[in-house]
Each structure stands twice: as structure tokens, then as C-alpha cells.
Amino acid sequence: MFLAKCSAWQHSIQKSALPRCRFPLKSICVSQRFKSTTEVSGSSITNVPLNAHTPEKTKVSADGQTYITTLANGLRVASERSPGHFTALGVYVDAGSRYEDHSTSGYAHLMDRLAFRNSERLTGIESMAMIEKLGGSIVSSSTRECIMYQAAVFPHDVPTALKLLAETTLRPKFLPEDIEELQMTVPWELQDFESKPEMFLPEKLHEVAFQTGTLGNPLLCSVQQLNAATSESLSAYHRLWYQPERIVVAAVGIDHDALVHLCKDNGFADLKNLSSSGTAASMQSDQLSSNDADGRSWFNKILSGGAHSANAHSVIVPGNKSIYTGGTWFDNKPDVDFTQVYLGFKSAGIDNEHKLYVYATLQMLLGGGGSFSAGGPGKGMYSRLYTRVLNQHAWIESCMAFHHCYTDAGMFGISASCGPRNEYALLDVIATELESVASGKGRLSLRSSIRRPYASQEGPTSLEVRRAKNQLKSNLLMNLESRMVQLEDLGRQIQVSGHKISADTMIKHIESITVDDISSVAKELLESPATILAQGYIKGIDKFYPQVAASHGIKI
């Protein structure tokens with residue numbers, strides 16, 4: 001969903017196989033919030049009432065390609081015309097780990113893992129038989145801000161696929177035997193996850209950078225939380241978050257009216273919006289705190305069936321505002337082959353539209369990769385981290401820029417790896433590259449050495465920025481050639497902003513970026529406290545990181 005890559009756990013179902021993998025989301029996100037629709041002459045969006053007897057309205061984009069219908073209960077149905085042999089459709093729920101507290105930690109992960117099993121109308125065996133008959137691809141995934149269910153099928157199989165999506169999102173049954181199965185399999189999944197630094201460390205990075213919760217909440221369910229989960233607690237979580245105003249049904253390659261009718265036939269229009277009821281609204285101020293005087297969480301009180309159970313369907317967001325704290329975390333593993341180092345800083349969220357594109361361009365400008373895979377046109381050969389780091393320091397195994405972007409916050413930085421006993425120098429090298437970009441055009445750094453031969457070079461040039469913008473535009477357009485990326489882009493944009501921003505508009509934003517914009521956001525990065533992680537042989541970095549940070553003006 002982001003201009004930069006972000007990680008999500010994917011639950012894939014193809015025929016009878018049930019693989020789990022780490023999936024890079026490469027679609028595009030926008031920054032504006034949902035706005036009420038009004039008909040404006042000459043506007044790029046017009047409202048077309050579907051039925052004069054209902055409050056339903058449909059927004060049509062200026063190019064006539066995107067349709068968005070808001071049903072009477074607040075659920076949004078979006079479609080995009082796109083020729084092709086397959087139809088992609090999905091359901092997007094505005095829920096995830098950032099909204100969880102200690103009582104529901106990891107529940108979004110469990111909702112993902114329990115997808116396409118038993119429901120009120122289908123058994124797990126019947127669901128699997130339908131999936132095998134489709135022969136397409138049905139997947140589910142949970143992220144920090146969204147739980148997604150997606151399918152790619154032949155056009156004539158759309159009714160069956162949408163029925164499956166409706167059953168698993170609207171009418172799931174959390175049977176004890178399904179939970180017991182997860183209690184046996186998930187611990188092995190967690191062990192595998194923790195053994196892979198490229199998967200484990202980005203998660204640890206969030207925990208260290210956002211220590212007050214929200215974006216720092218764990219994406220995966222712990223063994224303790226899994227063992228405590230029950231059918232009742234999962235059902236309560238489902239009732240709490242799977243509300244119509246938090247759900248978007250999106251499709252690519254289907255007639256919009258047909259999609260709306262299919263959604264109604266499968267019960268999406270019948271989903272009740274209980275969070276706006278008078279009872280819930282009157283109790284909100286008393287019941288939405290994350291912990292009350294008796295020490296029980298708001299979620300436990302929902303399960304208890306006491307005075308707070310009347311508010312079980314209210315949208316409760318404990319600690320909704322993310323707070324970046326920064327911090328350090330070192331894990332000594334002297335026997336591993338490489339030491340992994342992460343250096344991150346607070347960046348902008350998607351609510352800051354201009355900076356979103358600037359950070360995406362900065363990531364392209366820095367680029368990077370592995371020491372054996374970075375070469376070749378279009379693969380980072382001209383990026384700064386390749387020419388100035390990987391191509392100059394044979395002892396560095398990998399070095400690349402990352403950007404994790406969310407609704408109201410983000411984190412930008414550089415990750416790298418090297419052999420043991422070079423980790424403190426590695427931190428110095430990657431900090432130098434960020435400082436160099438922040439120095440601005442025409443400004444020289446006074447600190448250089450044999451280890452850092454490029455440290456005295458000036459900030460980003462117009463040629464570098466132009467190349468980075470061209471590469472970003474190329475990646476954007478190529479990614480959107482994928483029907484599944486196009487679907488996720490549509491669903492997440494509607495969920496976040498209420499409308500779709502075209503690729504042409506995004507390219508105009510990218511074109512407007514200047515050299516000064518790049519240097520300015522890089523300078524802002526260094527003004528926030530740093531998040532530093534290291535795993536492997538860490539004695540050097542553990543001892544000298546304060547001196548390295550001080551030499552670059554980095555706050556810790």
C-alpha cells in the first residue's frame with residue numbers, strides 16, 4: 001500500500017496448499033482523509049444516486065474508470081474498470097495491531113490465520129472445496145493498520161469468490177478445534193520468524209521506535225496470548241472491529257452495478273452499524289479508556305457481559321495517536337556470520353502528502369541492496385548506497401534504505417550488515433550517508449577519512465534527484481500493471497482517503513520534488529531521536545555508538 005516497501009504476513013490459499021510467506025506490498029497510498037461527497041460543477045468527482053429511495057450514493061472519477069458506492073450502513077464498495085482475463089476482488093477492514101492493547105495483542109494475526117475456515121453457512125471442508133474448484137488465488141494478510149482478504153479469479157467465478165469473502169469477513173465461526181490447531185502450529189511459525197533477521201528485526205525496530213504502543217504493538221500473536229484466546233474473545237474482537245464504516249469491498253475488472261448487487265446478496269448491506277447508536281454514543285466517554293479503576297481492560301469488560309457489554313460494538317481505539325520515541329536495542333550473538341545494524345528516524349505519515357513523495361524519492365536516491373545483487377541498470381547501480389558504500393567497502397555485505405509509512409507516522413532509515421568486529425564502523429558509514437544528503441547542495445562535510453572516502457562530497461545533485469524520480473515513476477507504473485497490486489491500491493486508498501488518486505496525479509507530485517526538498521527532509525530526520533538496532537557481534541557498537549552518534553549530531 002505504500003510508495004516504499006512495507007512487510008505484511010500473508011496467509012495464502014491456492015488449491016489445497018496452505019503456505020505462509022512474507023509479502024511486499026508495493027501499491028500506492030495517499031494522504032487525505034475521507035471527506036463527505038458533494039456535487040460540484042466541474043469537479044473531478046460527481047455523485048450519482050443509485051436509488052432515490054435510499055441514501056446510497058456513487059462517486060465516479062473524472063475519467064469514468066473508478067466507481068465508489070457508499071451503502072446505507074456506511075460500507076463502501078469500489079470498483080475500477082480494467083481489461084483482462086482475471087477479476088481481482090478484496091475486502092479491507094480498518095483494523096490491525098496498532099489498535100490492540102494487552103488483551104487483544106496479536107488478534108489481527110489470528111483473524112488472518114483463521115480466515116476461510118468455518119462460518120455460519122459453510123464448514124471448513126466446504127470452504128476448501130470451493131477454493132479448490134475456483135482454481136484461482138485467495139489470500140488474507142494482516143498489517144498494522146489493515147486486515148485484507150483478496151482473491152483473483154476468472155470473471156464467471158466472481159460470485160463464488162465474493163461469497164467466500166463474505167463468509168469469512170461477516171459470518172466467521174471461531175471453533176475450539178480451529179484455535180487448538182493454531183496453538184500447535186503458530187509456535188513453530190514464531191520460531192521460524194525469530195530465526196530470520198530480515199523478518200524479525202523490522203518488527204523489533206517498530207517496538208523500539210514506538211515504545212508507547214500503537215505502531216510498536218507486535219504484529220504477530222505471542223504463544224501466551226494464543227493460549228489465552230477463546231472462541232468468545234475472538235468473536236468479541238470481530239464484533240468490535242468488523243463494522244460497516246470500517247470495511248471497503250473493492251474489485252478490478254467487474255461492472256460496478258453487478259458488484260454492488262453481489263455485495264447486497266451476500267449480506268454486506270445488512271451489516272448493522274451499531275457504533276453510531278445513541279446508547280453507545282452516550283456511554284463512550286465512560287467506557288473507551290484502555291484501563292479503568294478496577295484494572296481490567298476495555299476488551300475484558302466487553303467479554304464480562306457486565307455494564308460495559310452494551311458498548312461491545314463501539315469503535316474503541318486505545319492510544320490511537322502514535323508517538324515516536326526512538327531507542328536502542330542490541331542482541332549479542334557472536335557466533336552468527338553477519339552483524340545486522342539498523343539506523344532509523346521519525347519521518348512523515350501519509351497524512352503529509354508532499355513529504356510522502358519526497359521520502360519515497362529519497363529512498364530511491366539512497367537505494368542500495370546486497371553486495372552480490374546491487375549491480376545492473378535499474379537495480380540500484382547508480383544509487384548512493386551502492387556507489388558510495390557497497391562499491392567502496394568490501395567488508396559490507398548489504399546496505400539499503402527503508403521507509404515504513406503509516407497513517408499518521410513513519411520511520412525512515414538504513415539497514416546494513418557486515419562481518420564481525422566492523423559493526424561500529426558500519427554505523428559510522430551509514431550515518432555519514434544520511435548526513436551527506438542532509439548537508440544540502442553545495443555544502444561540504446568536514447569529516448572524511450580513508451574508511452569514508454566519499455564523506456567530503458556535497459549533498460544530492462540535480463542529476464541524482466532526477467534519476468531517483470524517474471526510477472520511482474517507473475516502479476510505480478510497473479507495479480500497477482499487476483492486477484492484485486491495482487486492487488490493493490484501490491481498496492486501501494478508498495479506506496484511507498475515500499477516493500482514488502490517479503497515477504497521473506502521483507507522477508505530478510513526484511515531478512514537483514526538488515533537490516532542496518530532499519535535503520530538507522533528510523535534515524528533519526536527524527532532528528529526531530535515533531532508533532538503533534544491532535544483532536550479532538555487537539561489542540564494538542555497544543561501546544562506541546554514543547561517540548559515533550555524537551560525531552554526526554545524532555540524538556540518542
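A donor-acceptor pair under 3.5 Å links the side-chain atoms of S528 to the main chain of K346, judged by distance alone. The backbone N or O of N479 lies less than 3.5 Å from no partner atom in the side chain of S482, so there is not a single donor-acceptor pair. Remark: the backbone N or O of I513 is paired with a side-chain donor or acceptor of K469 at under 3.5 angstrom. One N or O on the side chain of S140 and one on the backbone of D112 form a donor-acceptor pair closer than 3.5 Å. Using a distance-only test at 3.5 Å, with no hydrogens or angles considered, a donor-acceptor pair links the side chain of E100 to the main chain of G106. Side chain of T361 to main chain of A468: no donor-acceptor pair is present (N/O by atom type, distance under 3.5 Å, no hydrogens or angles). Counting only distance, with no hydrogens or angles, the side chain of T432 and the backbone of D428 share a donor-acceptor pair below 3.5 Å. A donor-acceptor distance shorter than 3.5 angstrom exists from the side chain of K59 to the backbone of G498, with no hydrogens or angles considered. A donor-acceptor pair is defined here as one N or O able to donate and one able to accept, closer than 3.5 Å; no such pair exists between the side chain of D489 and the backbone of Q486. The main-chain N or O of L385 is never found under 3.5 Å from a side-chain atom of E433 such that the two would form a donor-acceptor pair.
Using a 4.5 Å heavy-atom threshold, the side chains of L362 and L525 count as touching. The side-chain heavy atoms of L201 and W329, taken from C-beta on, include a pair separated by under 4.5 Å. In this structure, the side chains of L75 and V249 come closer than 4.5 Å at one or more pairs of heavy atoms. Within the 4.5 Å cutoff, no side-chain heavy atoms of S61 are placed close to those of K500. Put simply, the side chain of I518 does not reach to within 4.5 Å of the side chain of E464, judged on heavy atoms. Within the 4.5 Å cutoff, the side chain of Y242 has heavy atoms near those of the I147 side chain. Within the 4.5 Å cutoff, the side chain of L365 has heavy atoms near those of the V465 side chain. A 4.5 Å side-chain heavy-atom check between I247 and T169 finds every atom pair outside the cut-off.
Side chain to side chain, R384 and S436 meet the donor-acceptor criterion of an N or O pair below 3.5 Å. Remark: the S322 side chain and the D408 side chain contain an N/O donor-acceptor pair separated by less than 3.5 Å. Checked by atom type, the side-chain pair D94/Y99 shows a donor-acceptor distance below 3.5 Å. A donor-acceptor pair shorter than 3.5 Å cannot be found between the side chains of S519 and D516. S127 and E167 share no side-chain donor-acceptor pair at under 3.5 Å. No hydrogens or angles considered: nothing links the side chains of Q363 and H403 as a donor-acceptor pair under 3.5 Å. For T531 and Y324, the side-chain atoms include at least one donor-acceptor pair closer than 3.5 Å.
With Y382 as the aromatic partner, R467 meets the cation-pi criteria of under 6.0 angstrom to the ring centre and within 45 degrees of the ring axis.
A salt bridge is absent between K508 and E511; no separation between the charged side-chain nitrogens and carboxylate oxygens falls under 4.0 Å. Using a 4.0 Å cut-off between charged side-chain N and carboxylate O, R483 and E80 make no salt bridge.
No close placement of the F210 and H404 rings is indicated, their centers lying 6.0 Å or farther apart.
Atom CZ of residue R246 and atom CD of residue Q495 lie 8.5 Å apart, to the nearest 0.5 angstrom. Note that the CG atom of L490 and the OH atom of Y67 stand 13.5 Å from one another [nearest 0.5 Å]. Taking OH from Y107 and CZ from R113, the interatomic distance works out to 15.5 Å, rounded to the nearest 0.5 Å. Taken to the nearest 0.5 Å, the OG atom of S142 stands 9.0 Å off from the CG atom of L110. Separation of atoms CG (L89) and CG (L262) is listed at 9.0 Å; rounding is to 0.5 Å. Remark: N217 CG to E207 CD distance equals 9.5 Å, nearest 0.5 Å.
Across every non-hydrogen atom of L526 and A438, the tightest pair is CD1-CB, 3.9 Å. Looking at every heavy atom in both residues, A401 comes nearest to L366 through CB-CB, 3.8 Å. Minimum interatomic distance between L190 and C221 (heavy atoms only, all atoms of both residues): CD1-O, 3.3 Å. Here the shortest heavy-atom pairing between Y359 and V521 reads OH-O, 3.5 Å. Scanning all heavy atoms of the two residues, the minimum distance from A503 to L477 falls at CB-CD2, 4.1 Å. Of all heavy-atom pairs between H552 and E435, the closest is ND1-OE1, 2.8 Å.
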Worksheet item: Do E203 and R144 pass the salt bridge (Lys or Arg N to Asp or Glu O under 4.0 Å) test, and can you show the C-alpha distance, the side-chain angles, and the key distance before you say yes or no?
Response: CA-CA 11 Å; E203 288 304 303; R144 284 180 162 78; 2.8 Å; yes

Discussion item. Assess the residue pair F116 and L165 against the criterion (side-chain contact (heavy atoms from CB on, under 4.5 Å)); give the C-alpha distance rounded to whole Å, side-chain angles, the decisive distance to 0.1 Å, and a yes or no.
Written reply: CA-CA 8 Å; F116 307 109; L165 293 174; 3.9 Å; yes

Practice prompt. Walk me through it: do L205 and F402 pass the test side-chain contact (heavy atoms from CB on, under 4.5 Å)?
Written response: CA-CA 12 Å; L205 185 73; F402 63 83; 3.6 Å; yes

Item to complete: Could you go through the side-chain contact (heavy atoms from CB on, under 4.5 Å) check for T407 and D351 one step at a time?
Response: CA-CA 6 Å; T407 312; D351 55 358; 5.7 Å; no

Discussion item. Using side-chain contact (heavy atoms from CB on, under 4.5 Å), reason through F345 and L434 one step at a time and then give a plain yes or no.
Written reply: CA-CA 11 Å; F345 300 90; L434 284 174; 3.5 Å; yes

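The aromatic rings of Y357 and H509 sit parallel to each other, their planes meeting at less than 30°, with 60° as the upper class boundary.
No more than 12 heavy atoms of other residues, nucleotides or ligands sit less than 6.0 Å from atom NE2 of H85.
Among K57, R76, H256, the single residue meeting the side chain to side chain donor-acceptor pair (under 3.5 Å) criterion with T69 is H256.
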